Amino acid sequence: MLDRHDSAAPGVVEISLVAALTIIALVVRVWNLGEVPYGTHGDELVLAEDAQRLLDGTRLDTWVWAKAMIYVGWMALMLRIGETDIATIRLASATLGTAIIPVGYLLVRSLFPFRVAILSAAMLVVSLWFVLQSRIAFPMVSAILFAMLAMYLSILAVRHRRWWLAALAGIVLGLGLYTYKLFLIYFVGFWGASILALLINPELRRQKYVWIILGVSVLTSLRLLTHYITDFDSVVLGNLRDEYGRGSALSPEGWLEIPGLALHAILLVNNPVSGGSIDAAPRVPIVPLIPAVFFWLGLAVTVILMKQRRYQLLLVGWLIGMLPILVVPGSEGRRYLFGIFFVLVIVSIGLNAILSLLIETVRGELSSRTNQGIARRVGYGAASVLATIFISLFSLSSFLDFNYWRNSGELRWFFSQDSIHAFEFIQTLGDESDIRYYSARVPFDSRERRLIAPVAVGLDGGNHHGGDGTIWSGGALRGSTVFVFIDEYLPLAAELEAAWPGVQKVAEHIRDGETVYLAYLIPYPDIGDTSATRPP
């Protein structure tokens with residue numbers, strides 16, 4: 001049976017603190033949600049299209065089920081009750097990312113004392129990695145939420161020997177497979193750890209509750225498990241081989257690399273996570289320098305107390321969370337999010353050890369001069385001040401890293417910020433003018449345009465997307481026309497001004513001293529020489 005550390009029901013203060021942290025987390029995640037990060041990521045738009053197709057009654061294919069069906073369904077609900085804009089799309093992540101706070105607290109509290117759980121929850125609220133993934137319409141947070149909830153319910157089921165809790169844990173674990181394709185590695189890790197525990201522990205083997213969890217999880221996820229098993233080479237191995245160059249990850253050759261990769265996973269506490277261009281994650285350590293000190297202390301405490309089941313479970317959870325590194329080292333930082341959660345728990349254990357030492361020291365010093373009640377309150381007060389200072393510094397560090405991330409050039413590139421500025425201008429034109437759109441990155445008939453400027457009518461002029469890269473790529477003008485130049489096509493503005501002397505520049509966006517886009521209006525009939533409305 002799992003170790004019991006405190007079976008008392010949570011009090012009013014405990015519930016109030018968790019509720020306050022949850023509210024703060026929601027504010028942090030929804031603040032200016034449509035503007036920070038500015039622009040849209042390709043994954044956000046793909047998932048938004050799937051959600052809209054779901055609302056339209058379109059049958060979604062197995063690919064959507066395998067990648068993020070539950071997340072897409074949740075986003076569809078957000079779109080049904082809100083406007084179709086980037087803030088509503090991202091609200092799917094913001095709400096699920098907020099729910100991680102109380103669920104994470106419950107998971108830690110089921111194993112460790114109050115202080116460890118509340119410190120972990122406080123860091124979850126402001127952790128750069130959790131804030132980022134909760135502000136982008138991407139399904140990673142849904143996978144983490146289901147993984148946490150499945151582990152929490154499994155602990156309760158085994159501890160209290162309740163078959164219905166075991167069945168519920170199995171359902172949540174199985175449903176997790178439909179949250180995000182990365183959940184497959186968590187699912188396999190959960191199964192592997194459970195089977196190993198059953199083989200080692202005869203007492204656990206005789207209990208039916210673990211078998212119920214595993215059996216129900218298979219039944220719940222049968223649709224996707226069948227898909228993965230019957231098409232394992234293309235769905236799993238092909239993805240590793242083609243997208244990440246890691247076809248050998250599941251072979252004996254890949255297993256030989258595990259010790260080195262495991263050390264790399266541990267050292268990510270001190271060394272910058274590679275991030276990966278796909279999510280434009282900042283290249284910073286999982287925790288700043290000072291919290292890293294508490295991590296190593298917490299890890300030492302965990303190793304020393306390894307005979308206790310709760311510390312064993314902590315290390316198993318951390319291992320499952322870091323499995324993506326063992327399979328795909330150097331991939332996007334968001335893939336390590338579940339492991340980062342357990343890193344924060346270990347940091348809390350280290351900090352709690354210092355706080356406990358401080359409390360006992362203060363009580364020992366004051367016990368001879370005052371009564372035990374006052375000495376205890378002073379000790380707890382000193383520990384609270386130290387914990388508040390720690391969380392404040394952790395929050396400040398996360399804010400500075402977040403601010404760096406939101407202003408990075410990489411973010412600007414991968415979130416199509418320049419194109420979104422142009423589409424927002426095009427949206428103001430309505431359907432009164434045709435658009436000649438020139439961009440090296442995003443075509444006119446793109447998801448960005450359909451989301452931001454759905455009524456605009458026009459065509460691509462850049463040779464990247466079908467035009468010939470000249471101001472005449474669309475042929476003769478058929479009516480009032482707006483030319484929009486972005487990226488490498490900005491020099492075409494000089495050619496246009498030469499063709500139409502006195503042409504009206506109707507929009508220009510400059511960011512950090514750099515021109516983002518230029519827009520010119522050619523009325524119809526045009527100003528000056530009407531022959532210039534057709535190619536020479």
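Since the model is a prediction, treat every value here as computed from it, not as a measurement.
- Distance CD/E424 to OH/Y38: 3.0 Å, rounded to 0.5 Å.
- In this structure, OG in S110 is found 10.0 Å from CG in L153, a value given to the nearest 0.5 Å.
- Proximity of Y209 to R162: side-chain heavy atoms (C-beta onward) are nowhere separated by under 4.5 Å.
- The side-chain contact (heavy atoms from CB on, under 4.5 Å) check on Q312 picks up M306, R309, with sequence neighbours excluded.
- Listed by chain and number, the residues in a side-chain contact (heavy atoms from CB on, under 4.5 Å) with V36 are W31, N32, R135, F402, R406 (sequence neighbours excluded).
- Note that CG of L337 is 11.0 Å distant from CZ of F138, once rounded to the nearest 0.5 Å.
- Rounded to the nearest 0.5 angstrom, L182 CG and I144 CD1 are separated by 7.5 Å.
- The aromatic ring centres of F146 and Y186 sit 6.0 Å or more apart.
- Across V216 and G170, no two heavy atoms sit closer than the pair CG1-C, 3.8 Å.
- In this structure a side-chain-to-backbone donor-acceptor pair under 3.5 Å is present from S194 to F190.
- Atom CZ in F295 sits 12.0 Å away from atom OG in S348 (nearest 0.5 Å).
- Looking at R310, its side chain does come within 3.5 Å of a backbone N or O of L111 through a donor-acceptor pair.
- Between M322 and I286, the shortest heavy-atom distance links the atoms CE-CD1, 3.9 Å.
- Taking 4.5 Å as the limit, every side-chain heavy atom of W129 sits out of range of all side-chain heavy atoms of M140.
- Classification of the H509-Y517 ring pair by plane angle, with boundaries at 30° and 60°, yields parallel.
- Remark: I195 engages W191, L198, L199, L214 in a side-chain contact (heavy atoms from CB on, under 4.5 Å) (not counting sequence neighbours).
- Scanning all heavy atoms of the two residues, the minimum distance from A193 to V316 falls at CB-CG1, 3.6 Å.
- For the residue pair T88/D85, the side-chain donor-acceptor check at 3.5 Å is satisfied.
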Walk me through it: do D50 and R53 pass the test salt bridge (Lys or Arg N to Asp or Glu O under 4.0 Å)?
CA-CA 5 Å; D50 289 333; R53 287 166 56 208; 2.7 Å; yes
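- By the 4.5 Å heavy-atom criterion applied to side chains, I349 and L314 are counted as neighbours.
- Legend: residues meeting salt bridge (charged side-chain N to carboxylate O under 4.0 Å, His left out) with D445, ordered by chain and number and at least two apart, are R449, R450.
- Scored by the salt bridge (charged side-chain N to carboxylate O under 4.0 Å, His left out) test, R447 finds E49 as partners (sequence neighbours excluded).
- Distance alone, capped at 3.5 Å, places no donor-acceptor pair between the Q133 side chain and the V141 backbone.
- At a threshold of 4.5 Å between non-hydrogen side-chain atoms, the residues S93 and Y71 count as touching.
- Side-chain atoms of R90 come within 3.5 Å of backbone atoms of L33 as a donor-acceptor pair (strictly under, hydrogens ignored).
- To the nearest 0.5 angstrom, L21 atom CG is 12.5 Å from L26 atom CG.
- Looking only at side-chain heavy atoms (C-beta outward), S416 and E448 come within less than 4.5 Å of each other.
- In this structure, the side-chain contact (heavy atoms from CB on, under 4.5 Å) partners of A51, at least two apart in sequence or on a different chain, are V72, M75, A76, L79.
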When you look at L224 and F187, which way does the side-chain contact (heavy atoms from CB on, under 4.5 Å) test go after all the steps?
CA-CA 12 Å; L224 279 189; F187 187 91; over 6 Å; no
Decide yes or no on side-chain contact (heavy atoms from CB on, under 4.5 Å) for Q52 and L55, but give the supporting numbers first.
CA-CA 5 Å; Q52 189 58 56; L55 289 176; 4.1 Å; yes
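- Aromatic pair F342/Y336: centroids not less than 6.0 angstrom apart.
- The two residues A122 and I391 come nearest to each other via the heavy atoms CB-CD1, 3.8 Å.
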Give the C-alpha distance, both sets of side-chain angles, the deciding distance and a yes or no for side-chain contact (heavy atoms from CB on, under 4.5 Å) between S142 and W74.
CA-CA 10 Å; S142 60; W74 182 248; over 6 Å; no
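- Residues P139 and T179 form no side-chain contact, since every pair of their non-hydrogen atoms from C-beta on lies 4.5 Å or further apart.
- Shown here is R511, whose CZ atom has more than 12 heavy atoms of other residues, nucleotides or ligands within 6.0 Å.
- Inter-residue side-chain proximity for V287 and F394 is flagged as met; some heavy-atom pair is nearer than 4.5 Å.
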Start with the C-alpha distance between I212 and W163, add both sets of side-chain angles, then the distance that settles side-chain contact (heavy atoms from CB on, under 4.5 Å), and finish with yes or no.
CA-CA 7 Å; I212 292 175; W163 69 266; 4.0 Å; yes
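- Among the candidates L165, V210, I213, V172, the single residue satisfying the side-chain contact (heavy atoms from CB on, under 4.5 Å) test with S154 is I213.
- Here the shortest heavy-atom pairing between L128 and S398 reads N-OG, 3.7 Å.
- Here the closest non-hydrogen pair linking A25 and I101 is CB-CG1, 3.6 Å.
- Aromatic ring centroids of F341 and F130 lie 6.0 Å or more apart.
- When atom types are taken as modelled, the side chain of D460 and the backbone of F444 share a donor-acceptor pair closer than 3.5 angstrom.
- Here the two rings, on F423 and Y437, have centers that are under 6.0 Å apart.
- Classification of the F390-F294 ring pair by plane angle, with boundaries at 30° and 60°, yields perpendicular.
- D401 has its side chain within reach of S397: a pair of non-hydrogen atoms, C-beta onward, lies under 4.5 Å apart.
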